[in-house]
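One is the number of the first residue; the rest follow in order along the sequence.
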Amino acid sequence: CRTALTPRPSPRPPHRARTSTTSAPPPPPPPASPWAGRREPPPPPARVLLVAANPAETVRLRLDAEAAAIDAALRASEHRDALQLRTAWAVDLDRLLDACLRHGPHVLQFSGHGEDGGARLEGAVLDPAVLGDILAELPDLRCVVLNACESDAHARALTRHVPCVVAMHRPVSDAGAQAFASAFYRALGYGRSLGVAFRLGRAALGGVSPGERETPRLHAAEDLPRRGPRRRHLGRYRRRPPVHHRPDRHRSRRLRRVQ
């Protein structure tokens, strides 16, 4: 006898996992550099020139420790690449001229002994009038720091050639001079103005030697704005990227207003 042939069931397809049709949002793009839209490279760093003199007939000073403290303060600051420290040792008048012409500093500091309101170089005391003639030929100079005893006598006269002059109107100890210089340049390395850097340096000096807190003095040129050096920066690392102007935005507003 014949039996009816029943159709075999078709094999079931393999199970496939369902995939979601919605994909994850793409990650946000990395923040653009402030210099990405600029064609010119970033500005060169500001130059800090430290000139030092400690003649053999004078009391020995720890000028090397002061330079090391300034270098460490700049290296540990936020804008460490925006300031470069240059040094010149055992300077006389000829070496001072060579260092100023070779480096073209934005900040010039003399560290050593002061005498009769002038800086004691190797072999002679630098006349403040001669120093003023040198400063007049440095177009990039923004600040002069005379970190020497009793150097404030002729500091006001130097403001005819440089915007800001910092000087000591009384004797200052070696440790106090190091503390002032370290705090002063650390503040500049963090983008603070010359006035803020001066006040922080004076505070550091008062912490080391409270009786010397009022020794530093800041002099500003008379032709500067009334706000004085408090708002003056070195102008090397505080530039902002340009704001792209969109004239169509204002045009569209005018069109909508007319319509």
Would you give the length of the straight line joining atom [atom1] of [X] to atom [atom2] of [Y], rounded to the nearest 0.5 angstrom?
{"X": "Asp152", "Y": "Leu218", "atom1": "CG", "atom2": "CG", "value": "10.5 Å"}
{"X": "Glu214", "Y": "His169", "atom1": "CD", "atom2": "NE2", "value": "8.0 Å"}
{"X": "Ser111", "Y": "Gln178", "atom1": "OG", "atom2": "CD", "value": "9.5 Å"}
{"X": "Phe110", "Y": "Leu131", "atom1": "CZ", "atom2": "CG", "value": "9.5 Å"}
{"X": "Leu74", "Y": "Arg80", "atom1": "CG", "atom2": "CZ", "value": "10.5 Å"}

Closest heavy-atom pair and its distance - [X], [Y]:
{"X": "Pro45", "Y": "Leu83", "value": "CB-N, 4.0 Å"}
{"X": "Ala179", "Y": "Ala204", "value": "O-CB, 3.7 Å"}
{"X": "Asn54", "Y": "Arg60", "value": "OD1-CA, 3.4 Å"}
{"X": "Ala221", "Y": "Thr159", "value": "CB-O, 3.4 Å"}
{"X": "Ala46", "Y": "His106", "value": "CA-ND1, 3.6 Å"}
{"X": "Leu63", "Y": "Trp89", "value": "O-CH2, 3.6 Å"}

Worksheet item: Take atom CZ in Arg75; do more than 12 heavy atoms of anything else shown fall under 6.0 Å from it?
Response: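 Atom CZ in Arg75 is not crowded, with 12 or fewer foreign heavy atoms closer than 6.0 Å.
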
Discussion item. With a sphere of 6.0 Å drawn around CZ of Arg102, does it hold more than 12 non-hydrogen atoms of other residues, nucleotides or ligands?
Written reply: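 Yes, enclosed.
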
Are [X] and [Y] side-chain neighbours, meaning at least one heavy-atom pair lies under 4.5 Å?
{"X": "Glu57", "Y": "Arg120", "result": "yes"}
{"X": "Asn147", "Y": "Glu66", "result": "yes"}
{"X": "Tyr185", "Y": "Val145", "result": "yes"}
{"X": "Met168", "Y": "Glu212", "result": "no"}
{"X": "Leu194", "Y": "Val166", "result": "no"}
{"X": "His113", "Y": "Cys149", "result": "no"}

Worksheet item: So among Leu108, Leu121, Thr87, which one has a side chain to side chain contact (heavy atoms under 4.5 Å, CB included) with Val51?
Response: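 Among Leu108, Leu121, Thr87, the one that satisfies the side chain to side chain contact (heavy atoms under 4.5 Å, CB included) with Val51 is Leu108.
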
Worksheet item: Testing Ile70, Leu49, Leu85, Val48 for side chain to side chain contact (heavy atoms under 4.5 Å, CB included) with Gln109, which one passes?
Response: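 Filter result, single survivor: Ile70.
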
Worksheet item: Mind checking what makes side-chain hydrogen bond (donor to acceptor under 3.5 Å, both in side chains) contact with Asp127, not counting sequence neighbours?
Response: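 Asp127 satisfies side-chain hydrogen bond (donor to acceptor under 3.5 Å, both in side chains) with no residue once adjacent residues are dropped.
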
Worksheet item: What residues, two or more places apart in sequence or in another chain, satisfy side-chain hydrogen bond (donor to acceptor under 3.5 Å, both in side chains) together with Arg95?
Response: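 For Arg95 there are no side-chain hydrogen bond (donor to acceptor under 3.5 Å, both in side chains) partners, ignoring immediate neighbours.
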
Discussion item. I'd like to know if Val130 and Leu101 are part of one continuous hydrophobic network [Ile/Leu/Val/Met/Phe/Trp/Tyr, side-chain heavy atoms within less than 4.5 Å].
Written reply: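 No; Val130 is not reachable from Leu101 via cluster members.
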
Item to complete: Check the hydrophobic clustering (I, L, V, M, F, W, Y; side-chain heavy atoms under 4.5 Å; chains of links allowed) and say if Leu141 and Val91 are grouped together.
Response: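 Yes; Val91 is reachable from Leu141 via cluster members.
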
Discussion item. Any salt bridge linking Asp140 with Arg142? Criterion: basic side-chain nitrogen under 4.0 Å from a carboxylate oxygen.
Written reply: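 No, this pair does not count.
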
